[in-house]
Amino acid sequence: MARRHESARGSMPLKELLISKESKAMASFGVYDLDTMMRFAPRRYVVPAPLRSLHEVNEGEAVSAVVSVVSVRDRAMRSRRGFVLEVTVSDGIEDMPLTFFLTKPHHVQWHRSRLPLGALITVHGTVGYDDYRESLQITHPDYETIEDTDEGRAWAQRPRPIYPLRQNIALATMRSAVEKGLEFADSLARPVPDEVIARRGLPQLAEATRLVHTPLTVEDTRRGMAHLRYEEAFILQAIFAQRRAQDERTPAPVLSAEGPLQPLLDQRLPFTLTDGQRDIGAMIQERIGKDHPTSVLLQGDVGSGKTVVALRAMLRAVDSGHQAALLAPTEVLAEQHHRTLMTLLGDLARAGQLDGHAAATRVRLLTGSQRTAGRRETLLDVTSGQAGIVVGTHALLAEKVQFASLGLVVIDEQHRFGVDHRRRLRAKGPAGQSPHVIVMTATPIPRTAALATVGDLDVLTLDESPGQRAGVTSFVVHEKLPKWEQRMWQRAAEEIAAGRQVFVVCARIDEDDAADDAPAPSILDENGREQAPSLDPARGVLQTALRLTERPELTGARLGILHGRLTGEEKQEVMGQMVRGEIDVLVSTTVIEVGVDVPNASVMIILDAERFGVSQLHQLRGRVGRGEHAGIAFFDTSGVPGKEHSTHLRAIAETTDGFELAELDLRRRGAGDLVGEEQSGLQRTLKHLDVIRDARAIEQAREDAFAVVAADPELTTHPVLAGAIEDRLRDADPDVERS
Ligand code: ADP
Ligand code: MG
């Protein structure tokens with residue numbers, strides 16, 4: 001899909017500055033204007049080998065040397081067409097030949113013109129041995145004429161920027177394009193006030209771009225990049241600051257009533273709230289009791305008890321005369337949340353029924369696959385306000401769903417919802433008011449990562465889990481080692497014999513469906529190069545279920561399947577059977593990824609585990625060991641033991657701490673993909689920032705940007721920043737984020 005592109009505002013179009021070959025090269029990276037080009041950073045730098053004397057070099061070594069030209073000779077080759085150019089150079093002590101094999105006479109001329117006798121040059125190359133002459137030589141070295149001064153020598157040893165390359169684009173083209181741009185470095189738009197840059201001890205933008213693209217030292221590249229990183233962080237934080245300022249000006253329903261429902265629920269809970277649940281409950285209450293919309297990110301590991309915290313807040317909304325909505329990423333989850341709330345609330349959810357509590361409300365479920373009759377009734381309850389709590393999927397976001405008075409929205413599993421969803425919900429509040437929003441996530445992110453990516457939310461963390469969970473132990477299983485596979489299924493069978501249940505998760509539904517076989521995510525090595533490990537095609541739910549009927553270990557086990565091509569009703573039926581213990585082994589896709597609660601399940605087998613993200617694997621294994629029975633998770637892979645996928649899976653198997661995993665994930669994928677592919681918005685498009693490495697810059701930029709926005713919320717005195725923000729939002733999400 002071609003992405004719509006517009007240049008950064010007011011920036012010089014590259015077509016006016018560069019020759020066509022150069023502007024085309026830049027265009028192939030989506031770079032069309034001067035400002036964007038000067039911020040297009042090299043992927044890495046090559047630093048020449050340290051300068052050496054010719055008498056201390058050995059065969060096979062990469063060397064750099066400052067030498068002068070002693071003699072230049074060329075001759076036609078005897079055995080084939082072409083020429084040999086032999087240049088003898090000396091460092092004053094030792095001589096060495098440089099040899100070039102050239103096909104055209106004008107190549108010979110070109111080298112000769114650059115190598116007059118006596119010229120001082122630096123040579124970079126690998127030392128070889130010339131058997132014929134029995135001496136060391138360097139074949140096809142890079143060389144460069146230099147001035148015989150300290151600066152000249154330093155220049156020769158400068159780091160060379162390596163830009164990302166596409167087919168048919170020469171590095172030299174990218175370099176010459178950028179070097180032309182540098183001549184206009186003083187005219188670049190500077191979104192961060194000069195004074196802020198100076199106070200933080202950073203080079204100003206024009207200097208920074210020179211340091212990035214034509215550095216003299218490695219330290220230069222760091223100083224230059226520090227500016228670009230800071231600038232990126234600053235623009236992001238200015239966006240968050242503006243959003244928060246906007247919220248401060250927006251009215252919201254005040255959710256401060258102290259009862260009756262919330263205290264009644266507290267009395268009915270079958271357990272005591274943990275201190276964490278109480279504390280965070282109090283913090284949320286304080287926030288939603290204000291007359292401006294609050295946005296909270298409630299993070300806590302799988303099973304940390306977020307749902308109750310959210311429910312207590314939702315009851316506050318109902319007690320205050322408003323409604324609350326709970327959004328889940330899938331129908332299965334929405335249905336489960338609905339069941340959970342109904343169970344926790346008991347008679348408090350049965351308004352209008354004989355056995356309902358006098359203060360009761362209604363909890364309605366609204367999903368896309370509901371049949372029209374039930375749906376109409378539900379919609380009526382939502383519109384009239386009879387339903388205090390509405391649980392649903394994206395269907396809740398549909399235009400025609402009108403709430404009587406929506407005071408609070410709780411979103412479960414934030415990574416499936418983009419900023420656009422959050423914004424759309426904001427518009428569903430009563431009469432010009434915006435509802436409060438709580439986003440729940442089981443994929444905790446480190447503090448600065450949160451600041452950099454969801455900096456418009458207040459992050460609250462539930463970091464203790466209610467005690468009674470037995471926990472999960474994870475193992476990596478190699479499909480290619482039959483003993484291991486056997487042992488895995490045996491273990492599953494033992495659990496079934498003990499009355500437990502087993503989940504088997506596949507990466508796709510049907511193996512016959514070629515399009516369905518998503519490639520395994522690539523793994524980057526230390527130099528950021530892609531590794532392309534060979535893997536078998538992913539196994540499908542349908543075929544796996546068939547194969548399991550033939551495994552001797554599982555004889556007699558009751559199998560069920562669950563995947564996205566079943567109807568909502570079918571899915572509900574299967575999940576119901578699983579919950580009631582009528583299925584021993586449920587083979588499914590990740591429809592069960594989040595939140596599904598089968599306390600009796602103790603084994604989670606994930607086939608082709610390398611195809612799943614870190615947080616997905618963590619979520620999946622969190623499905624077992626939820627009750628009193630210890631859980632076992634198997635990450636089954638066709639990857640080779642000891643190789644990248646296998647080691648990666650082992651790292652996950654050995655890490656249980658959600659925060660550590662989040663870091664592992666970040667380091668592997670880079671921050672650009674922080675919260676999952678489906679996340680729309682700012683997170684996806686970080687260019688220079690690494691949310692772990694650049695933690696300090698992010699914190700500083702936040703402080704500075706919030707101060708700038710506080711002093712001038714509309715940024716009338718900072719038009720360049722205002723423009724950069726617009727560009728950034730459009731890049732992040734061409735359609736939605738502008739609102
Ligand atoms: P999360 O949504 O954070 O993954 P849940 O809210 O689904 O976790 O809670 C996991 C399980 O723990 C649920 O069965 C819930 O009823 C139970 N639970 C929640 N809070 C407590 C508590 N304070 N004490 C005991 N059990 C709790
Ligand atoms: Mg949950």
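Quantities reported herein were computed from a predicted structural model and do not represent experimental measurements. By convention here, the first residue in the shown sequence is residue 1. Counting starts at 1 for both ligands and their atoms, in listed order.
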Engineer: Can you tell me if Ser304 has a non-hydrogen atom under 4.0 Å from ligand 1?
Structural biologist: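 The answer is yes: ligand 1 sits under 4.0 Å from a heavy atom of Ser304.
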Engineer: Backbone, side chain, both or neither: what part of Thr272 comes under 4.0 angstrom of ligand 1, heavy atoms only?
Structural biologist: backbone
Engineer: Using non-hydrogen atoms of the residue, decide whether Asp412 is closer than 4.0 angstrom to ligand 1.
Structural biologist: no
Engineer: Do NZ/NE/NH1/NH2 and the carboxylate oxygens of Arg312 and Asp319 come within less than 4.0 Å?
Structural biologist: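 So Arg312 does not pair with Asp319 through a salt bridge.
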Engineer: Ser405 and Gln323: side-chain donor and acceptor closer than 3.5 Å?
Structural biologist: no
Engineer: Of the backbone atoms (N, CA, C, O) and the side-chain heavy atoms from C-beta on, which set of Met440 has a member under 4.0 Å from an atom of ligand 1: side chain, backbone, both, or neither?
Structural biologist: neither
Engineer: Kindly write out the residues that satisfy side-chain contact (heavy atoms from CB on, under 4.5 Å) with Thr567, not counting sequence neighbours, or none if the list is empty.
Structural biologist: Glu569, Glu570
Engineer: Gly305 versus ligand 1: do any nitrogen or oxygen atoms come within less than 3.5 Å of each other?
Structural biologist: yes
Engineer: Under the rule for salt bridge (Lys or Arg N to Asp or Glu O under 4.0 Å), what residues qualify as partners of Asp291, not counting sequence neighbours?
Structural biologist: none
Engineer: Would you mind telling me if ligand 1 is within reach of the side chain of Thr274, the backbone, both or neither, using heavy atoms under 4.0 Å?
Structural biologist: both
Engineer: Looking at CG of Leu341 and CZ of Arg339, how far apart are the two atoms once the value is rounded to the nearest 0.5 Å?
Structural biologist: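 With rounding to 0.5 Å, CG (Leu341) is 11.0 Å from CZ (Arg339).
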